[in-house]
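Each ligand, and each atom within it, is numbered from 1 in the order the structure gives. Predicted, not measured: the structure shown is a model, and the values here were computed from it. In what follows, every heavy atom counts, from backbone to side chain, and hydrogens, waters and symmetry copies are set aside.
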Amino acid sequence: MARLAEAYPGTAKELCALDYETPFQLVVATILSAQTTDVQVNLVTPALFAAYPDAPALAGANLADIEELIHSTGFFRAKSKSIVAMAAALVDRFGGEVPTAIGDLTTLPGVGRKTANVIRSVAFDLPGLPVDTHVLRLSRRLGLTEQTDPVRVERDLAALWPRRDWSDTSMRLIYHGRQVCTARAPRCAECIFAGWCPSARVRPPAARPAAR
Ligand code: SF4
């Protein structure tokens, strides 16, 4: 954790690359971020949020209009349905406001456990431990878990890390997975964990036996 904090300073909120102004907008942006980049999402959300700034506005939207606005994020039909249904559920069941409990968040269309944990940690500064593809891959490579199911990985990490560190540490792992420990070509020689990571492919110079 100390190495991650040094390499990726800032809180989960500060490290989040999605542009948003309210918890509602973060839910929308996080749903749109599936299978695309945060940069791509940030290109479409200004117009989307200008036209539909809150849950009541989006709940009454025409699906075809939303599809046109978010088309470039991919899977635009499914995502349009999800964000409009999510907004309607907020209006129907939560007074138009985003709930904070993970059990409530995961009842919203398009919001799984990973998204719910992002919302908790980034929008509300509450403990949240999102296990995305990067957190899952790094946790296994680092030997923090042997599980492959994200919910079980989350449980293992939650048992290892102090609750106050869940949000920042998981967000930093996401950055490390994007920038260094990538899926296909991890750059072990320059990794902050290379000295003891059980999956390191290259031993750092300090760990090599001394030449005779
Ligand atoms: S040493 Fe290699 S496998 Fe281990 S965390 Fe770093 S980049 Fe990933």
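- A donor-acceptor distance shorter than 3.5 angstrom exists from the side chain of Arg172 to the backbone of Gly10, with no hydrogens or angles considered.
- What sits closest to atom 8 (Fe) of ligand 1 on the protein, heavy atoms only, is Cys181 SG, 2.3 Å.
- Defined by atom type and a distance below 3.5 Å, a donor-acceptor pair is present between the side-chain atoms of Gln40 and Ser72.
- Taking a cut-off of under 4.0 Å to the non-hydrogen atoms of Pro186, the atoms of ligand 1 that pass are 7 (S).
- Of all the heavy atoms of Cys197, the ones lying under 4.0 Å from any atom of ligand 1 belong exclusively to the side chain.
- A donor-acceptor pair shorter than 3.5 Å cannot be found between the side chains of Thr148 and Arg140.
- Within ligand 1, the atoms closer than 4.0 Å to a non-hydrogen atom of Ala200 are 1 (S), numbered from 1 in the order shown.
- Exactly one of Arg155, Lys114, Glu154, Arg113 qualifies for a side-chain contact (heavy atoms from CB on, under 4.5 Å) with Val131. That residue is Glu154.
- Between the side chain of Asp168 and the backbone N or O of Ala12, at least one donor-acceptor pair lies under 3.5 Å.
- When Ser139, Ser199, Pro198 are ranked by how near their heavy atoms come to atom 3 (S) of ligand 1, first place goes to Ser199.
- In summary, Cys191 places an N/O/S atom under 2.8 Å from atom 6 (Fe) of ligand 1, meeting the contact criterion.
- Looking at atom 2 (Fe) of ligand 1, its nearest protein heavy atom turns out to be Cys188 SG, 2.4 Å.
- Annotation for Leu129 and Asn117: closest pair N-OD1, 3.1 Å, computed over non-hydrogen atoms.
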